[in-house]
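Data first, discussion second: the structure below is written as structure tokens.
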Amino acid sequence: MEGELMRVIMYWMEGEINSFIKVWLSAYLSLTYCYLAGKMFPKGAARLSAFLPVIGLFLLLPLQLNSMNLGGPTAFFLAWLATFKLLLFAFHKGPLSTPTLSLPRFLALACLPVKLQQEDPKSKEKLSSKSVLNYAVKGVSFALLLKIYDYEDYIHPTILMVIFSFHIYLCLEIILAIAAAMARGLLGAELEPQFNEPYLSTSLQDFWGRRWNLMVTRILRPTVYLPALHWSARIVGRKWAPLPAVMSTFVVSGFMHELIFYYLGRVKPTWEITWFFLLHGTCLAAEIVVKKAVNGRWRLPRAVGTILTVGFVLMTSSWLFFPQLLRCKGHERGLSEMAAVAAFVKDVVRALNLTIIP
């Protein structure tokens, strides 16, 4: 029975891989059109009008995929990263606006979570020293977490939710690291990391601004935060302008996460994800107000700040963020897909061994 289930999953995955290839071929052809259109149309309304059909296509393409491991990253790369970068490029802003950017670099930067670093030997040394050991430890940790799920019936739900939180973080970091490695091989350049050890965050400002999913932070800053900051400064003044700018950024992030979760589960949104980001945006705004009030005269010990920050993120994630992912059985589907692929690889290796050693 289990073998039959694996064959069904593999048959489904074969069709999913074909759809995956078609989706990304469509995406690269569309981005090639945008690359040429960017040279033909001036920045502003004309270039934006030329990009709008591609932006609409990028919002539809993830609907062609149902796999967690293929559809999830594709939705993030196309519907979020590529869409926002094209909006910036329409007004000659963002990473795609470099005049000397070649087509291969344009394609990689447009839809992958990467950003070219400056040629700084110190930064290269720092990145290379981190990547080998750091990612090896995280890979082993991810494998151990997968093994723990075999005993989930004996684990308290709260502890299981904490484990699931770290599973999601490690999964994201590994996926983004693979994408960065692919772009590094294609571009021949060092790339900035996507995470900066978020479990060491000392405040919400530190967590969201400097440690968690840095590519999203770099995309939301020019597309949402800075325009909102500019308009808010006219209304409430420069001192308090960061507060509505922060809230605007978290609202947009909440809506984009709702869209990504819809791609994953194809179920009607319950808006818990939006409330999660509204809560964090409100708390971050309050943190900014408190910091302005004390003006550096008092500060929490680093260890206390880390415990409070990470604890708050885990608690609110368990309350508002993960239930929607669990409802669409995201982790179960993802694990089933990986198990099917592992079984397929074992069958291939076994067949090769029988061929080589009769």
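Scope of the values below: all heavy atoms of this structure, side chains included, with no hydrogens, waters or symmetry mates.
- Under the 6.0 Å distance and 45° angle rule, K22 does not count as a cation-pi partner of F20.
- Side-chain atoms of F84 and M256, non-hydrogen and from C-beta on, do get closer than 4.5 Å to each other.
- Checked against T249 for a side-chain contact (heavy atoms from CB on, under 4.5 Å), the options T223, L220, L284, L226 give a single hit: L220.
- Proximity of P244 to W231: side-chain heavy atoms (C-beta onward) are nowhere separated by under 4.5 Å.
- The residue from F312, W275, F250, W212 that alone fulfils the ring pair (Phe, Tyr, Trp, His ring centres under 6.0 Å) condition with H280 is F312.
- Taking the side chain as every heavy atom from C-beta outward, W240 and V289 approach each other to under 4.5 Å.
- C111 has its side chain within reach of Y28: a pair of non-hydrogen atoms, C-beta onward, lies under 4.5 Å apart.
- For F89 and F106, the distance between ring centers is under 6.0 angstrom.
- Between I219 and L81, the closest heavy-atom pair is CG1-CD2, 4.2 Å.
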field: Pair F277-W208, ring pair (Phe, Tyr, Trp, His ring centres under 6.0 Å): steps then yes or no
entry: CA-CA 11 Å; F277 283 96; W208 290 112; 5.7 Å; yes
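- Side-chain contact between L259 and L59 is present, with heavy atoms from C-beta onward closer than 4.5 Å.
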- request: List the steps and the verdict of side-chain contact (heavy atoms from CB on, under 4.5 Å) for L101 and L109.
  value: CA-CA 10 Å; L101 204 61; L109 292 177; 3.8 Å; yes
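- Residues M215 and L112 are not in side-chain contact: their nearest non-hydrogen atoms beyond the backbone lie 4.5 Å or more apart.
- Between A228 and S232, the closest heavy-atom pair is O-OG, 2.6 Å.
- Shown are F276, F321, F322; of these, the ring pair (Phe, Tyr, Trp, His ring centres under 6.0 Å) with F261 is made only by F321.
- Scanning both residues, V54 and S30, for their nearest heavy atoms gives CG1-CB, 3.9 Å.
- In this structure the side chain of L229 never reaches within 4.5 angstrom of the side chain of R238, judged on heavy atoms.
- By the 4.5 Å heavy-atom criterion applied to side chains, V304 and P301 are counted as neighbours.
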task: In sequence, state the C-alpha distance, the side-chain angles, and the governing distance for T274 and E258, and then conclude on side-chain hydrogen bond (donor to acceptor under 3.5 Å, both in side chains).
output: CA-CA 7 Å; T274 299; E258 293 282 4; 3.0 Å; yes
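- Donor-acceptor pairing under 3.5 Å is recorded for the side chains of T270 and E272.
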